[in-house]
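Only one structure is covered here, and it is reproduced in the block below.
In what follows, chains are A, B, ... by sequence order, proteins preceding strands, each numbered from 1. These numbers come from a predicted model, not from an experiment.
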There are 2 protein chains.
Amino acid sequence: MPKIVDAGARRQEVVEAVFRIIASDGLERASLREVADEAGLAVGSVRHYFASSDELLVHSFAVVIDRIAGRLEEAFAVVESLESGSAEHDAAVLTLLGQFLPLDEELAVDACVWMAFRHAARIRPVLEQEAARSHRAVAAVVGRLVMRLMPDGGSGQDRLVTEAERLLATLDGLCMHALLQPEWMTAEVCRDVLTAHLDTLVALPSNR
Amino acid sequence: MPKIVDAGARRQEVVEAVFRIIASDGLERASLREVADEAGLAVGSVRHYFASSDELLVHSFAVVIDRIAGRLEEAFAVVESLESGSAEHDAAVLTLLGQFLPLDEELAVDACVWMAFRHAARIRPVLEQEAARSHRAVAAVVGRLVMRLMPDGGSGQDRLVTEAERLLATLDGLCMHALLQPEWMTAEVCRDVLTAHLDTLVALPSNR
DNA sequence: ATCTTTTTAGCACAAACGTGCTTGAACCGT
DNA sequence: ACGGTTCAAGCACGTTTGTGCTAAAAAGAT
């Protein structure tokens, strides 16, 4: 029998190289040669684990989606375990929403990669399916969160989707600004914006 | 004397070709050869009006910024001309905010191009300066709008920047979703989210 | 020690890219 | 009619890209 290598671990190493390249040089620089160099391998080796450049990128997209979705589910479980309205509950909600933002090094890389792939998916059909999955996964968590936070528990289907989309848009917008204009967008501003949004969600205006 | 051609108009035609390519195939496909084909010219001709590929892209970025900023200033002038609180005023505000979103063909192209360049500017230093100008121009209009809409006229500097950033993030997030997930994001949802946000801006919660 | 299969590495080709440079074509003022 | 300047077009070179294919190296099973 042949040389035994943990294929899954090798693939993961290559994916990590892809992440580093996208975060520092953008998706268009994530070529097979660049990735191989970054991973300390030869092009042929990378191609042994990924049949083509497309498969490598699609798999990388899937991995970053799973990482983000996993963090969200984990943080949402914490929120659900706490009493609604308590101070710990509110803090856990902020922690959950913070998982979208590039607040530390690891989150920043994931946010970069996530954004890059989602925008690339507008053009590249191979990424379309994963982009849809990404959207569904995140929208599901945000929808459940809004249902939990809204005073009437989200009665009124259309009102619920509006508020879910409103929170989702704010999150993506904050993430974008934090990535593209970090000098104008500190972590403090992010937190202030999020708490302000949550206030508007809980204390809904009565004129509607 | 030589053959006389309106150089400005020719440059504009090339820029429009760049826009169409970015909107349909993405920024990475906006090469000199593709642009020349789309504009019905030869590569050498395009290079006669733009010294390099970088100059073409930077100029295209500048044009789309000017177009968007122009629309915003125009729409903001309408808002300022109307009595605060009137129904026409509210409609004008919605029209202003709608300038960010891909609600028709022309707006969609501009939004695509704008997004593409802003994200590319994270990596490409040549685009950095225009990206900063873009951010300043848009933030200025949104800041003035928030100052006008907030009940206390925006007293409290930090509160004002928080609300301005909150609106800006929501707008960019909506624009992103409308571009990337058009099947989930109809014009109606956009309008609902914007009106919901405006309600939260006017009727601020009292517990702060 | 030898065989077999996985792993790693590399070559070669076509395509596309930006750019320096050259060559006609077009046209206005004289 | 002619000359000089601008516009339009294209060639050529060096890089970079993805991919098909080949071949050496490595290591467990016999």
Nearest-nucleotide pick for B/L41, side chain only, options being D/dG18, D/dA9, C/dG10: D/dA9
Nucleotide nearest A/V43 (side chain, heavy atoms from C-beta), chosen from D/dT19, C/dG18, C/dA9: D/dT19
Under 3.5 Å: donor-acceptor pair, side chain of A/H197, backbone of A/V193: no
Could you check how far CG of A/L56 sits from C1' of D/dT19, rounded to whole Å? 14 Å
Identified ring pair (Phe, Tyr, Trp, His ring centres under 6.0 Å) partner of A/H59 from the options A/Y49, A/F117, A/F50, A/F19: A/F50
To the nearest Å, give me how far apart CG (B/D25) and C1' (C/dA16) are. 15 Å
Out of C/dG18, D/dG10, D/dG18, minimum distance to the side chain of A/S53 belongs to D/dG18
Atom-pair distance (CG on B/D6; C1' on D/dC7), nearest Å: 14 Å
Rounded to whole Å, how long is the line connecting atom CZ of B/R29 with atom C1' of D/dT16? 15 Å
Whether the side chain of B/R47 and the base of C/dG20 hold a donor-acceptor pair under 3.5 Å is what I'd like checked. yes
Any side-chain N or O of B/S31 less than 4.0 Å from the OP1 or OP2 oxygen of C/dA16? no
Under a 4.0 Å N-O cut-off, is there an ion pair linking A/E163 with A/R159? yes
Is the base of D/dG18 touched by the side chain of A/R33 through a donor-acceptor pair closer than 3.5 angstrom? yes
State whether A/S45 places a side-chain N or O below 4.0 Å from either non-bridging phosphate oxygen (OP1 or OP2) of C/dT7. no
Taking the side chain of B/H48 as its heavy atoms from C-beta onward, which of C/dT7, D/dT6, D/dT19 lies nearest to it? D/dT6
Protein-nucleotide distance (A/E34, atom CD; D/dG18, atom P), rounded to Å: 10 Å
Would you tell me if any nitrogen or oxygen in the side chain of A/Y49 comes within less than 4.0 Å of OP1 or OP2 on C/dT6? no
On DNA chain C, check which nucleotide each of B/G44 and A/G44 is closest to and give me the residue with the more 5' one. A/G44
Can you tell me how far P of C/dA9 sits from CG of A/L32, to the nearest Å? 15 Å
Strictly distance-based, threshold 3.5 Å: is any side-chain N or O of B/T95 a donor or acceptor partner for the main-chain N or O of B/A91? yes
In whole angstroms, the gap separating P of D/dT16 from CD of A/E28 amounts to 15 Å
Rounding to a whole Å, what distance do you find between A/F50:CZ and C/dT8:C1'? 16 Å
Heavy-atom side-chain contact between B/V78 and B/L96 under 4.5 Å: no
Quick note, A/S52 side chain, CB onward, closest among C/dA9, D/dT19, C/dC17 is D/dT19
